Protein chains: 2
Amino acid sequence: MGIAERKLRQKVEVKASILQAAWQLVEKEGWQSLSIRKIADAIEYSAPVIYDHFANKEAIMLEFTKRGFQQLNEQLIKAKEQFANPEQQIEAIAYAYWKFAFNHKEYYQLMYGLGMPGCETVKQIPEMASFTEIVLAPVRDMLAKSRNAGADPFLKLHTFWSTLHGLISINMLGKNDSRDELNAMVLKDFLIGFISGIKG
Amino acid sequence: MGIAERKLRQKVEVKASILQAAWQLVEKEGWQSLSIRKIADAIEYSAPVIYDHFANKEAIMLEFTKRGFQQLNEQLIKAKEQFANPEQQIEAIAYAYWKFAFNHKEYYQLMYGLGMPGCETVKQIPEMASFTEIVLAPVRDMLAKSRNAGADPFLKLHTFWSTLHGLISINMLGKNDSRDELNAMVLKDFLIGFISGIKG
DNA sequence: TTACATTTGCTAACGGTGTTAGAAAATATA
DNA sequence: TATATTTTCTAACACCGTTAGCAAATGTAA
């Protein structure tokens, strides 16, 4: 009686193909022009079928947002694990974050952009909490060992995250006029200031 | 023969009413739900009339983006003029920028958000260059007087702008859990670090 | 194998979007 | 008053997300 199993397997398959097709379309034409009908076309089903797998278009986007944060977290953990020293960890995390944003521009734009996702969206993404944890730990470590032990680690984390994100999103505004070196320098500049600020 | 004049006057009037109606709709329902037809309804004209005044919907948005930067620049200049000391100027500019973003959330979201406007958009907004000039001057002044005179003012400007924007946009993601104090502290924290970084 | 029940996927539609073509109405010119 | 011009409208096109309801395929049981 593997019928139910087979059906479930097929259902999972279709769901996966929806996501795959959606992703392909996004890569080719960007988020703005992604449509349910185009996805349906690509998977060779009619449009309403998609609603058997996702509540609506936003749910598809949300799925990608989640995946984006999962991937980002993975990369950050990997970067962090390469060092024991929290100072080096923070630096590695910053570079990994930067790299992720530009290597997965589509993801990053969905995760943070696209009309500045509202509070509701944020609540539905527990992955953002993991992200906080990953970065918070080394910040705490550094503060503990510093002349600045009283400082609020959340405050430092917030500064870290904001600057990084700001750097990236301001950069994505403009074109890439061989500004790569400038950006590398800005990132370095920020990190030096940030770390020396924590040391006190 | 004031006919042509009257016609021109009327045309200007209609154009203004389009922008006014659009703005009212945005304030009430947000950018996402702004539509040409709703604007037409509000100004009591049919939809195609709008295309006699704007090439397309994007052109209307662009107009608001321009106005946003104009207003922002005005506020920044006003803040800057209150001080002669470049250090105080930078601080005042940062606070004014912050205030603008939250007092004119709709503007700020259009200016920077809404799908991360592409390179094409940026080119069409000369006001962004003025913004650069306003902030660059005090940074230069400070650097000149510092132990750090060799540093690149553009690099510092970029850091300044990015951090400020990052702080704001990360903040707009989440809800306002009485985080006002935290944010004020983060801003202060950043400014201290930034200024001491310039002084060298 | 036949009869029924269930699941699956479709077509067609609703109400919306930006935008354009072309007719009609209002206005200006001779 | 007749003609030319401008202004404004209706109607349509080609999309969009989403849903209702029917048809076909599939599974279950006699």
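The structure displayed is predicted, hence computed values, not measured ones. Only this structure's heavy atoms are used, side chains among them; waters, hydrogens and symmetry mates stay out. Just so we're on the same page: letters track the sequence lines, and every chain starts at 1.
Residue A:Ser46 places none of its side-chain N or O atoms closer than 4.0 Å to OP1 or OP2 of C:dG9.
With DNA chain D read from its 5' end, the first of the two nearest nucleotides for B:Lys11 and B:Ala47 is the one closest to B:Lys11. Of the two residues contacting DNA chain C, namely A:Asp52 and B:Lys57, the nearest-nucleotide position lying further toward the 5' end is that of A:Asp52.
Considering only side-chain atoms of B:Tyr45, the nucleotide from C:dC10, D:dC9, C:dT17 that sits closest is D:dC9. Closest to the side chain of B:Tyr51, from the set D:dT8, C:dT19, D:dC16, is C:dT19. Of the candidates C:dT17, C:dT19, C:dA12, C:dT17 carries the atom nearest the B:Lys38 side chain, counting heavy atoms from C-beta on. Nearest to the side-chain atoms of A:Pro48 among the listed nucleotides C:dG9, D:dA20, C:dT20 stands D:dA20.
C:dT8 atom C1' lies 17 Å from atom NZ of A:Lys15, rounded to whole Å. Taking atom CD of B:Glu44 as the reference point, atom P of D:dC9 lies 11 Å away to the nearest angstrom. The interatomic distance linking A:Ile50 (CD1) with C:dT8 (P) rounds to 16 Å, in whole Å. Across the protein-nucleic acid pair, A:Ile43 atom CD1 and C:dC10 atom P stand 9 Å apart, rounded to whole Å. The CD atom of B:Glu29 sits 12 Å away from the P atom of C:dG16 (whole-angstrom rounding). In this structure, the CD1 atom of B:Ile36 is 6 Å from the P atom of C:dT19, given to the nearest Å. Taking atom CH2 of A:Trp31 as the reference point, atom P of D:dC16 lies 16 Å away to the nearest angstrom. Between the CD atom of A:Gln32 and the C1' atom of D:dG17 there is a distance of 16 Å, given to the nearest Å.
The structure places NZ of A:Lys38 at 4.0 Å from CD of A:Glu29, a figure rounded to the nearest 0.5 Å. Considering CZ of B:Phe64 and CE of B:Met111, their distance stands at 13.0 Å, rounded to 0.5 Å.
With sequence neighbours left out, the side-chain contact (heavy atoms from CB on, under 4.5 Å) criterion links B:His104 to B:Gln71, B:Phe100, B:Tyr107.
Of the options B:Phe131, B:Tyr97, B:Phe154, B:Phe194, a ring pair (Phe, Tyr, Trp, His ring centres under 6.0 Å) to B:Phe160 is made by B:Phe194 and by none of the others.
Nucleic acid contact for B:Leu34: sugar-phosphate only, since backbone atoms but no base atoms lie under 4.0 Å from a heavy atom of the residue.
Within 3.5 Å, a donor on the side chain of B:Arg37 pairs with an acceptor on the base of C:dG18, or the reverse.
Open room surrounds OH on A:Tyr45; 12 or fewer heavy atoms of other groups in view lie less than 6.0 Å from it.
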